[in-house]
Amino acid sequence: MHTPVDVNPLLQEWQAPYGLPPFAALLPEHFEPALREAMRQHRCELASIGAQAAPADFDNTVAAFDRSGRLLDRVAAVFYNLTSSATSSALQAVQRSMAAPMAAHSSAVYMDAALFARVDAVHEQRTRLGLSAEAQRLVERVHLDFVRSGARLAPAAQVRYAQVMEELAALTTRFAQNVLHDESSWSLPLGDEAALAGLPGFVRAAARQAAAERGLQGHVVTLSRSLIVPFLSFSERRDLREAAWRAWTDRGEHPGEHDNRAVARDILRLRNEQARLHGHACYADHALTDTMAGTRSAVQGLLGEVWPRALAAVEREQQALLALMQAEGVQVELQPWDWRFYAEKVRRERYAIDDAEVKPFFRLENMIQAAFDCASRLFGLSFSLRDDLPVYHPDVKAYEVRNAEGQVSGIFLQDNFARAGKRSGAWMSSLRWQSRNPAPGEGACSLPVILNNNNFAKGADSEGQPTLLSMDDARTLFHEFGHGLHGLLSDVTYRRLSGTQVLRDFVELPSQIFEHWITEPEVLQRHARHWQTGEPIPAELVARLQRAQQFNQGYETVRYTASAMVDMAVHSLTDAEPPADLCAFEAGLLRQAGLPAAVGLNHRLVHFQHLFASSGYAAGYYVYLWAEVLDADGFDAFTEAGSPFDRAVAARLLRHVYATGNSVAPAAAYAAFRGRDPTVQPLLKKRGLLHAEPA
């Protein structure tokens with residue numbers, strides 16, 4: 001039974017401080033009627049804009065469009081955040097039932113002929129209207145949104161296009177739910193001491209906590225990256241490593257109700273049709289028209305620059321693993337479930353670095369404070385914990401954010417732990433974007449409400465064991481916090497241009513450049529303190545960590561680049577019908593490219609949520625590497641200035657990267673920050689590939 005509109009808490013004025021949602025009052029059955037009512041109100045607002053007698057101008061059409069749909073924005077933001085971070089079977093049912101109607105609403109908005117005629121009229125005369133640079137940018141972005149959503153298609157093509165988008169919405173929802181099912185339903189019991197062989201205390205504590213959260217005794221390994229990676233790195237039980245690795249890499253490839261192989265093929269088929277309706281030969285061509293890269297050849301040029309160098313590096317790394325195995329008398333063939341185990345041994349041997357030695361200095365709470373401190377020293381922000389603010393789960397911490405002038409400038413919610421009902425990975429999202437273009441009844445300035453989600457394995461606090469992060473975990477925390485800062489520091493007028501709503505291959509720059517600070521000795525000395533003694537991390541250990549930064553980078557680069565190549569290849573196919581066996585297509589492509597069998601790749605197609613849980617990174621997984629060119633080159637500005645906290649460089653980074661949103665074209669924004677265009681050499685140097693020429 002649906003809740004009546006007049007008592008639905010989603011449709012009432014939210015009374016919590018800063019307009020936060022009334023999470024405690026929300027039930028799954030509230031969302032469908034609230035979403036439908038919000039869509040109805042949005043259509044009424046747009047009808048009023050389209051039916052105006054006054055000629056179309058910037059304020060009565062484009063700025064008005066930017067102000068519209070605020071109720072739908074806020075209800076949908078809560079809904080999608082909950083379905084990602086704290087879902088249930090009831091919420092998943094609503095998600096499935098509303099996927100197509102929400103897609104249909106979007107198509108109806110962007111194919112509204114009267115509305116588009118007005119937007120098109122403003123766009124045609126935009127250079128003659130005396131608009132500010134930001135207003136002109138808004139006109140261009142909104143107009144492009146309409147065109148890319150089918151506004152210029154013929155009527156029959158528009159009907160089919162809307163059907164395609166509805167079908168895609170249903171399929172991508174199903175894909176994500178299938179992956180979540182496989183992740184949440186699998187665990188590997190470690191029933192005795194023999195099964196725990198080789199696992200240091202922090203891994204045992206995380207496995208014990210994972211078991212307790214599932215109502216089980218003893219220890220279990222789950223598919224949380226923060227648990228399975230250290231298990232693969234330390235477990236002496238090769239049979240259990242293989243079982244864990246296969247479960248991790250086979251997500252989405254199990255016959256039955258949750259098999260993603262057919263789902264992914266259906267998505268690819270529809271995307272190809274979507275691209276052809278736009279006049280493109282393949283989906284990659286369509287997707288790349290609105291990116292910094294622009295073309296497949298530009299993407300392939302970057303991947304081609306890195307791939308042979310990474311292969312040369314990974315071959316050297318593989319030889320080091322094989323030499324160690326031979327020295328230990330190990331007679332088995334090196335397999336993917338062996339790589340991390342033997343790489344950890346080589347790392348200990350070469351650099352005297354052991355995660356069991358490092359992790360006690362990386363307590364989660366200290367790393368959070370490190371991120372906050374860096375944001376304070378760079379940008380003047382301060383973060384105050386607010387236990388009184390409503391949150392959707394006990395794991396979530398809410399912070400009030402103040403700017404350098406001491407004014408409240410946003411709210412930051414951080415959700416750090418893996419759990420059932422939460423999708424894997426790490427991500428940033430928002431409940432509200434910053435803007436200064438208020439809808440009726442809103443304040444003059446809309447404060448951003450930004451979320452970070454991580455999936456760290458929780459420590460067994462009940463036994464006095466805190467959550468300890470690996471360096472990779474700490475880097476992930478800083479990465480997502482960089483995205484969070486992009487949302488919190490946004491300083492634009494229009495919602496459509498706010499925060500992370502930038503081109504996909506620019507969005508990773510603010511996140512990836514912020515990662516650099518977690519490896520700065522100055523930051524580590526201040527915040528990396530032993531969780532038991534409180535002693536700062538020894539300078540000698542920091543030096544060892546610095547020397548080891550490029551260790552295993554061939555492995556990491558090959559795994560990432562292989563996934564990016566598969567993404568680009570599968571979305572570059574021009575046949576209307578995708579390959580009958582996607583797994584065989586993927587394997588053949590990687591074999592032809594020379595991927596060593598013992599390495600593997602970051603994401604296989606059957607569970608590649610970047611590509612198939614939405615369209616966000618489809619034909620776009622390359623963007624992390626593209627942005628790494630920018631972040632490596634960009635951080636060199638601090639190196640050249642002589643300090644990672646140089647005030648002048650930080651001020652330029654804030655103004656031209658973090659605050660500007662999409663109000664400036666990304667290439668121009670980067671050039672304004674750096675004083676020139678980027679070069680690829682700092683990236684190759686950072687990954688140890690500058691001199692890694694192919695054999």
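Heavy-atom basis, side chains included; hydrogens, waters and symmetry copies ignored.
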task: Output, in order, the C-alpha distance, side-chain angles, deciding distance and verdict of ring pair (Phe, Tyr, Trp, His ring centres under 6.0 Å) for Phe506 and Tyr670.
output: CA-CA 9 Å; Phe506 192 73; Tyr670 183 84; 7.6 Å; no
query: Does CZ belonging to Arg655 count more than 12 external heavy atoms closer than 6.0 Å?
result: no
Are [X] and [Y] ion-paired here, with the side-chain N under 4.0 Å from a carboxylate O?
| X | Y | value |
| --- | --- | --- |
| Arg141 | Asp290 | yes |
| Arg118 | Asp112 | no |
| Glu640 | Arg674 | yes |

Could you give the distance from [atom1] ([X]) to [atom2] ([Y]), rounded to the nearest 0.5 Å?
| X | Y | atom1 | atom2 | result |
| --- | --- | --- | --- | --- |
| Asn453 | Asp415 | CG | CG | 4.5 Å |
| Phe478 | Ile518 | CZ | CD1 | 4.0 Å |
| Met102 | Gln95 | CE | CD | 10.5 Å |

- line: Result for salt bridge (Lys or Arg N to Asp or Glu O under 4.0 Å) between Glu167 and one of Arg174, Arg269, Arg160 points to Arg160
message: Between His603 and Tyr621, is the ring centroid distance below 6.0 Å?
response: yes
query: Taking Leu689 as the fixed residue, which of Arg309, Gln553, Gln550, Glu305 is the one that meets the side-chain contact (heavy atoms from CB on, under 4.5 Å) rule?
result: Arg309
task: Mark yes or no for whether Thr172, through its side chain, and Ala169, through its backbone, hold a donor-acceptor pair below 3.5 Å.
output: yes
- prompt: Arg67 and Asp59: salt bridge (charged side-chain N to carboxylate O under 4.0 Å, His left out), yes or no, with the steps?
  reply: CA-CA 10 Å; Arg67 289 190 292 269; Asp59 188 65; 3.6 Å; yes
